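Computed from a predicted structure; not experimentally measured. Each chain gets a letter, A, B and so on, in the order its sequence line appears, and its residues count up from 1.
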There are 2 protein chains.
Amino acid sequence: MRQKSSNEKLPAASEKRAGPQGSQTLLRGLDMLDQVVDGPIPLPELSARMGLTRSTTHRLANALIDRGFLVFFPREGYQLGPKLLQLGFLAQSQVDLIQTARPHIESLAMRTEDTVHLGRLDDERALYLDKIPGRRRVEISSRVGDRQPLTSTGLGKALMVDTPPSEWRRLFDTDHASGGVPIDYAVWEERMKSYAAAGRAFDLEENEDQIRCVAAPIRDASNRIVGAISVSSAAQYMDDQRMDALSDDVLATARAISTDLGWQDEKATRK
Amino acid sequence: MRQKSSNEKLPAASEKRAGPQGSQTLLRGLDMLDQVVDGPIPLPELSARMGLTRSTTHRLANALIDRGFLVFFPREGYQLGPKLLQLGFLAQSQVDLIQTARPHIESLAMRTEDTVHLGRLDDERALYLDKIPGRRRVEISSRVGDRQPLTSTGLGKALMVDTPPSEWRRLFDTDHASGGVPIDYAVWEERMKSYAAAGRAFDLEENEDQIRCVAAPIRDASNRIVGAISVSSAAQYMDDQRMDALSDDVLATARAISTDLGWQDEKATRK
DNA sequence: TTTTACTTTCTCATTTTATGGGATAGGATG
DNA sequence: CATCCTATCCCATAAAATGAGAAAGTAAAA
């Protein structure tokens, strides 16, 4: 059916992923919402983008309007409706970072065989929310519920990658006020710059001797950092080369969790 | 079709608003989202609530899952999915207070024959965003773009009904620092208390001589005040009795705008 | 004003698509 | 190992969705 069905003259854009069958109408309606994400769009263009007739487009759009998923401004077009604001807000309260992240960090721990942590910012510290022990017999002293310094843990630095550099010095000084291993700020700053640029952070035995880790931030729909994950292991298993290799996996996992939280890649936003 | 189609034996709960026809599948799918707003719900209960067979419920739910509108946890049930977080966030950026409020305040102005204003908080002042002149020949000096004091305008006080009383004094003093009509704080505070309790505010010729108004706040999906509307008129048309009567209409209009912004009445939330 | 060029809405015969009964698979729990 | 409940799959039936085209609105042009 679709358009002409005969010779598929449409370029490409019209062919969406098919998905399960037996719910064409529902799927078409849901996909219609995606076509409306950037600004008001009039019916003729909407039906063109959907690859449907005006009739069908109009009928589906009306159903969406009836339930508040779309609104229509005459001579302007369709826009996202108030129901989405409602449901978006409710979904927020249902989504739990720990629960959402679980399957992802479990599989990450499985792949890497190392200990994986999940944490978030709490009062300028990194709060550990969840922990999957690795297969290797490595002692990682952190426990769920602990609050560790931001500037000397991988998790903490990952949570900081969006923090403006003007704040760095203050946070660094706060963390190092109570003694601890003395580190030169200039060195730390240089490393932090590269972490911020790469969107992920390392920890090189700064917080705990012989323990290194790779960490990456988790973001929500508004692109704000709401947590971070890290893979930790003994330095003997974590040479520079492996840390580089791990970066991709950790970043990808963090992105997958972010996506489950409503985040979307900017590059993917505009088709 | 539906159930038995024969004699409508079902009690009531299963019969939803029908809406436009020709999109049953889409409407059922959309309505399914409403059944999932409070916590995980397993398939049998979901199908019961929807008044559908397990087969149909399962198929629709799967389509919603495929597009990310739902997520499923085995042995737990269905929950709202990440797509709703995405779309909710995008909808937020599309929804414009002025445009959304327009039809409502136009109709309010029509009914009351008085001047209606729309405004929001801006730097501890009431910023006037829109204005529908009334039919009566009354001069209202305010103009769109003006920023008026919070504590001496109806609009401003409506924006304040959620502000903790501990802040009141400071705001009051700020507004009255630069001279103006001298008002006793004790009197003002007493009135403000009643406004906060009623969820709407009056202005009794405080800001402008001979001008009285009734105002109410507008809220978004998170129940935060994002704006306010007011009906203003000359004191001769605005005796105490009429202000009382207007309160209902102004409140209802403010609620209608709020609803268009994703707000939902707490009382209506739990069915 | 009337005309023109739209965009939006509605109608209805055709047929594709959704439906739900029931059978199957999967997992807990006792 | 038997039981019980949940989730998934299959398929003939029939109802619901489809789209061509006509009609009704609207805004700008003549």
Side-chain angles (χ1 to χ4, degrees), chain A residues 1-6 8-10 14 16 18-32 35-36 39-67 70-79 81, chain B residues 1-10 14-32 35-36 39-67 70-79 81 103:
Chain A
M1 185 185 294
R2 200 138 14 232
Q3 293 270 106
K4 272 283 178 263
S5 98
S6 43
E8 288 302 321
K9 62 176 180 181
L10 290 177
S14 83
K16 319 216 58 139
Q21 62 200 164
S23 314
Q24 188 183 77
T25 311
L26 176 54
L27 291 171
R28 282 175 169 179
L30 296 177
D31 289 340
M32 190 172 280
Q35 302 300 329
V36 178
I41 170 175
L43 190 139
E45 189 184 337
L46 183 57
S47 65
R49 284 209 213 177
M50 295 287 300
L52 300 172
T53 59
R54 282 190 314 278
S55 302
T56 303
T57 307
H58 180 253
R59 184 162 21 77
L60 295 178
N62 260 30
L64 290 165
I65 287 170
D66 187 76
R67 294 302 197 259
L70 289 181
V71 289
F72 178 73
F73 297 96
R75 300 256 144 192
E76 276 246 46
Y78 298 94
Q79 269 195 197
Chain B
M1 182 189 292
R2 197 137 19 232
Q3 296 271 110
K4 271 282 177 269
S5 99
S6 42
N7 54 8
E8 289 299 321
K9 61 175 180 180
L10 290 177
S14 84
E15 195 55 48
K16 317 217 59 144
R17 64 238 143 133
Q21 62 202 162
S23 315
Q24 189 184 78
T25 309
L26 177 53
L27 291 170
R28 282 176 170 178
L30 296 176
D31 290 340
M32 190 172 281
Q35 303 300 329
V36 177
I41 170 176
L43 190 140
E45 189 184 338
L46 183 56
S47 65
R49 284 211 213 174
M50 296 286 301
L52 301 172
T53 60
R54 281 189 315 267
S55 302
T56 304
T57 308
H58 181 253
R59 186 160 21 78
L60 295 178
N62 261 29
L64 289 165
I65 287 170
D66 187 77
R67 295 301 198 257
L70 288 181
V71 288
F72 179 72
F73 297 97
R75 299 257 145 191
E76 276 244 47
Y78 298 94
Q79 268 195 196

Inset, instruction - Check the distance between C:dT7's C1' and A:Phe73's CZ and give it to me in whole angstrom. - result: 17 Å
Inset, instruction - Measure the distance from CG on A:Leu60 to P on C:dT8 and round it to the nearest whole Å. - result: 16 Å
Inset, instruction - Between B:Thr25 and B:Pro44, just flag the one whose closest nucleotide in DNA chain D comes earlier from the 5' side. - result: B:Pro44
Legend entry - Any B:Arg54 side-chain nitrogen or oxygen under 4.0 Å from OP1 or OP2 of C:dG22: no
Inset, instruction - Give a yes/no on whether any side-chain N or O of B:Gln24 is located under 4.0 angstrom from OP1 or OP2 of C:dT17. - result: no
Inset, instruction - Using the test side chain to side chain contact (heavy atoms under 4.5 Å, CB included), find all partners of A:Pro44 that sit at least two apart in sequence or belong to another chain. - result: A:Pro42
Legend entry - Any donor-acceptor N/O pair under 3.5 Å between C:dG21 base and B:Ser55 side chain: yes
Inset, instruction - Would you mind reading off the distance between B:Arg75 atom CZ and C:dG26 atom C1', rounded to a whole angstrom? - result: 8 Å
Legend entry - Integer-rounded Å distance: D:dT18 C1' and A:Asn62 CG: 15 Å
Inset, instruction - Kindly say if A:His58 contacts the phosphate of C:dT8, meaning a side-chain N or O under 4.0 Å from OP1 or OP2. - result: no
Inset, instruction - Could you tell me the separation between the CG atom of A:Leu52 and the C1' atom of D:dA20, rounded to a whole number of Å? - result: 15 Å
Legend entry - Heavy-atom side-chain contact between A:Leu64 and A:Val36 under 4.5 Å: no
Inset, instruction - Under the side chain to side chain contact (heavy atoms under 4.5 Å, CB included) rule, collect the residues that match up with B:Ser47, sequence neighbours excluded. - result: B:Arg54, B:Thr57
Legend entry - Nearest atoms (heavy-atom pairs only) where B:Ala63 meets A:Leu30: O-CD1, 4.3 Å
Inset, instruction - Rounded to the nearest angstrom, tell me the gap between atom CG in A:Leu43 and atom P in C:dC10. - result: 12 Å
Legend entry - Closest to side chain of B:Arg59, choosing from C:dG20, D:dT18, D:dA7: C:dG20
Inset, instruction - Ignoring hydrogens and angles, tell me if any N or O in the side chain of B:Arg59 forms a donor-acceptor pair with the backbone of A:Gly22 under 3.5 Å. - result: yes
Legend entry - B:Leu26 CG - C:dT17 C1' separation (whole Å): 14 Å
Legend entry - Separation of atom CD in B:Glu45 from atom P in D:dT6, rounded to whole Å: 10 Å
Inset, instruction - Using only side-chain N and O atoms of B:Arg28, determine if any of them is under 4.0 Å from OP1 or OP2 of C:dT19. - result: yes
Legend entry - Upstream residue (5' side of DNA chain C) when B:Thr56 and A:Gly77 are each assigned their closest nucleotide: A:Gly77
